[in-house]
*Asks:* 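Let me begin by handing over the structure; questions about it come next.
Given the structure is predicted, the values throughout are model-derived calculations rather than measurements.
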Amino acid sequence: MQANPAFSFTLTEDRKIYFASDFHLGTPTYEKSRLREKVIVRWLDSILHDAEAIFLLGDLFDFWFEYKYTVPKGFIRFLGKLAEIKDKGIPIILFTGNHDMWMFDYFSQELDVPILRKPVNIRINDQSLHIGHGDGLGDGDKTFKMLKKVFHAKLSKRLFAALHPRWGIGLAQLWSTHSRKRNSCLDDSFKGKEHEWIYQYCLEVEAQTHHDYYVFGHRHLSLDIPVNENSRYFNIGEWIGSQTYGVHDGKEFFLKTFER
């Protein structure tokens, strides 16, 4: 059984599709985030010559909330580079993650970049990919799933929007920092396939619909694990320390590391 793709690409030999995730711009300090932002911009510049499309799979920012007339300040080099790429006619598709789930219409209006909130199927030449951020998938992490429902509720968004940005963004950044410190040892270590919730999710989807590749972020690990003899799960890692990303060249998917 084949799934209907949300996006479909036919690549020539000199074109590629790129995937990146978990930039976490804004953390852990302004200075380190600024340096990482410059690295990301250099990476984007390095792929412009052969990029057919760019998929950004969530947690681009450590926190993001769009007030009616205000967005978090900073990240101007990154945002400007996205605008430049779009002006060149290269599609950018953006997923929300668990750190930047409160994206609304800013990117779609200002940059003409679609915002996706759930995994989707895409097709590259004759291969099927199932892609997304990766948070809340599988049977585990029930506490996070409950919090995600709370954060996505309309009442929660309205209450948070009622806070002055000085207080709202400040509180959110404190929560994000606390959450990362609490979960860093657990989240950044490989748990074995039986405990990797995204991998278990891939097994469940594959049992119903075949995909050649499953591509996610969220785990802050570079992973390449067989789902079965005809399918693989890739996690494309993060940019706080590793600078890893994914590439599909029309024939296969593989992981790469951007050298600073």
Side-chain angles (χ1 to χ4, degrees), residues 1-23 40 43-44 46-61 78-79 81-98 100-101 103-137 198 201-202 204-206 208-218 223-224 227 230-237 244-256:
M1 179 179 178
Q2 294 293 325
N4 294 325
F7 302 91
S8 184
F9 303 91
T10 301
L11 297 185
T12 57
E13 290 187 0
D14 61 340
R15 306 297 288 174
K16 297 179 175 67
I17 308 289
Y18 289 91
F19 303 78
S21 181
D22 292 86
F23 297 158
I40 294 165
W43 170 69
L44 289 169
S46 75
I47 67 175
L48 290 183
H49 68 287
D50 63 2
E52 185 72 19
I54 301 170
F55 285 85
L56 301 177
L57 301 187
D59 280 0
L60 306 184
F61 307 98
F78 175 60
L79 296 176
K81 183 56 62 176
L82 294 185
E84 176 189 333
I85 293 169
K86 281 293 299 182
D87 288 346
K88 291 180 182 293
I90 300 173
I92 300 171
I93 297 90
L94 193 156
F95 286 77
T96 59
N98 50 301
D100 49 18
M101 68 177 73
M103 289 183 174
F104 303 132
D105 60 5
Y106 180 74
F107 284 83
S108 58
Q109 287 187 353
E110 294 296 321
L111 301 175
D112 194 26
V113 170
I115 304 296
L116 304 180
R117 305 182 187 279
K118 295 180 180 180
V120 300
N121 306 316
I122 70 171
R123 194 156 194 85
I124 302 176
N125 290 356
D126 61 347
Q127 296 184 338
S128 174
L129 291 78
H130 188 66
I131 68 174
H133 179 61
D135 59 312
L137 302 181
I198 300 176
Y201 166 82
C202 295
E204 294 171 5
V205 175
E206 183 67 15
Q208 301 296 321
T209 305
H210 170 66
H211 299 283
D212 297 282
Y213 299 107
Y214 293 83
V215 181
F216 293 95
H218 183 56
L223 299 174
D224 174 6
V227 176
N230 298 311
S231 180
R232 303 191 74 83
Y233 157 54
F234 283 90
N235 198 289
I236 56 176
T244 53
Y245 61 99
V247 184
H248 198 297
D249 63 1
K251 299 177 181 178
E252 62 179 331
F253 186 97
F254 50 93
L255 294 172
K256 296 191 71 174

*Asks:* With heavy-atom distances below 4.5 Å as the criterion, would you say the side chains of I92 and L111 are in contact?
*Replies:* no
*Asks:* Quick one: closest heavy-atom pair of R123 and D126, and the distance?
*Replies:* NH2-O, 3.0 Å
*Asks:* For the pair F55 and F7, name the ring-plane relationship: parallel under 30°, tilted 30 to 60°, perpendicular over 60°.
*Replies:* perpendicular
*Asks:* Determine yes or no for a side-chain-to-main-chain donor-acceptor pair under 3.5 angstrom, with N98 supplying the side chain and D59 the backbone.
*Replies:* no
*Asks:* Mind listing the closest non-hydrogen atom pair of A20 and W43 along with its distance?
*Replies:* CB-CH2, 3.5 Å
*Asks:* Once the angle between the rings of F234 and F253 is folded into 0 to 90°, is it parallel (under 30°), tilted (30 to 60°) or perpendicular (over 60°)?
*Replies:* tilted
*Asks:* Between CD1 of I198 and CG of L223, what distance do you get to the nearest 0.5 Å?
*Replies:* 8.5 Å
*Asks:* Of all the heavy-atom pairs spanning E52 and P91, show the shortest one and how long it is.
*Replies:* O-CD, 3.1 Å
*Asks:* Any side-chain to backbone donor/acceptor pair from S128 onto D212? Under 3.5 Å, distance only.
*Replies:* no
*Asks:* Does any part of the side chain of I236, heavy atoms only, come nearer than 4.5 Å to the side chain of L255, both counted from C-beta?
*Replies:* yes
*Asks:* Is it true that a side-chain atom of N125 and a backbone atom of G250 form a donor plus acceptor pair closer than 3.5 Å?
*Replies:* yes
*Asks:* Give a yes or no on whether the backbone of H248 and the side-chain of Y213 come within a donor-acceptor separation of less than 3.5 Å.
*Replies:* no
*Asks:* When you measure from the side chain of D100 to the backbone of L60, do you find a donor-acceptor pair of N or O atoms at a distance under 3.5 Å?
*Replies:* yes
*Asks:* Is the shortest heavy-atom distance from the side chain of H133 to the side chain of S21 under 4.5 Å?
*Replies:* yes
*Asks:* Using the ring of each side chain (for Trp, its six-membered ring), is Y18 parallel, tilted or perpendicular to Y245, with breaks at 30° and 60°?
*Replies:* tilted
*Asks:* Would you compute the distance between atom NZ of K251 and atom CD of E13 and round it to the nearest 0.5 angstrom?
*Replies:* 5.0 Å
*Asks:* Looking only at heavy atoms, which two atoms of R15 and A51 are closest? And how far apart?
*Replies:* NH2-O, 2.6 Å
*Asks:* Are any of the side-chain heavy atoms of E84 and L48 separated by less than 4.5 Å?
*Replies:* yes
*Asks:* Give a yes or no on this: more than 12 heavy atoms of other residues, nucleotides or ligands lie within 6.0 Å of atom NZ of K86.
*Replies:* yes
*Asks:* State whether the side chain of D249 and the backbone N or O of K16 hold a donor-acceptor pair below 3.5 Å, judged by distance alone.
*Replies:* no
*Asks:* Quick one: sort the Y214 and H130 rings into parallel, tilted or perpendicular, breaks at 30° and 60°.
*Replies:* perpendicular
*Asks:* Relative to each other, are the rings of F216 and Y233 parallel, tilted or perpendicular (30° and 60° limits)?
*Replies:* tilted
*Asks:* Working to the nearest 0.5 Å, report the span between SG of C202 and CG of L137.
*Replies:* 8.0 Å
*Asks:* At what distance, to the nearest 0.5 angstrom, does CD1 of I124 lie from CG of L129?
*Replies:* 5.0 Å
*Asks:* Could you tell me the separation between the CG atom of L57 and the CG atom of L116, rounded to the nearest 0.5 Å?
*Replies:* 9.5 Å
*Asks:* Side chains of V113 and L82, heavy atoms from C-beta outward: is any pair under 4.5 Å?
*Replies:* no
*Asks:* Do the non-hydrogen side-chain atoms of F107 and L79 ever get within less than 4.5 Å of each other?
*Replies:* yes
*Asks:* Considering non-hydrogen atoms only, spot the tightest contact between S108 and F104 and give its length.
*Replies:* OG-O, 4.4 Å
*Asks:* Is the side chain of T96 donor-acceptor paired with the backbone N or O of R117 at a distance under 3.5 Å, no angle test?
*Replies:* no
*Asks:* What distance separates F9 CZ from I17 CD1, expressed to the nearest 0.5 Å?
*Replies:* 4.5 Å
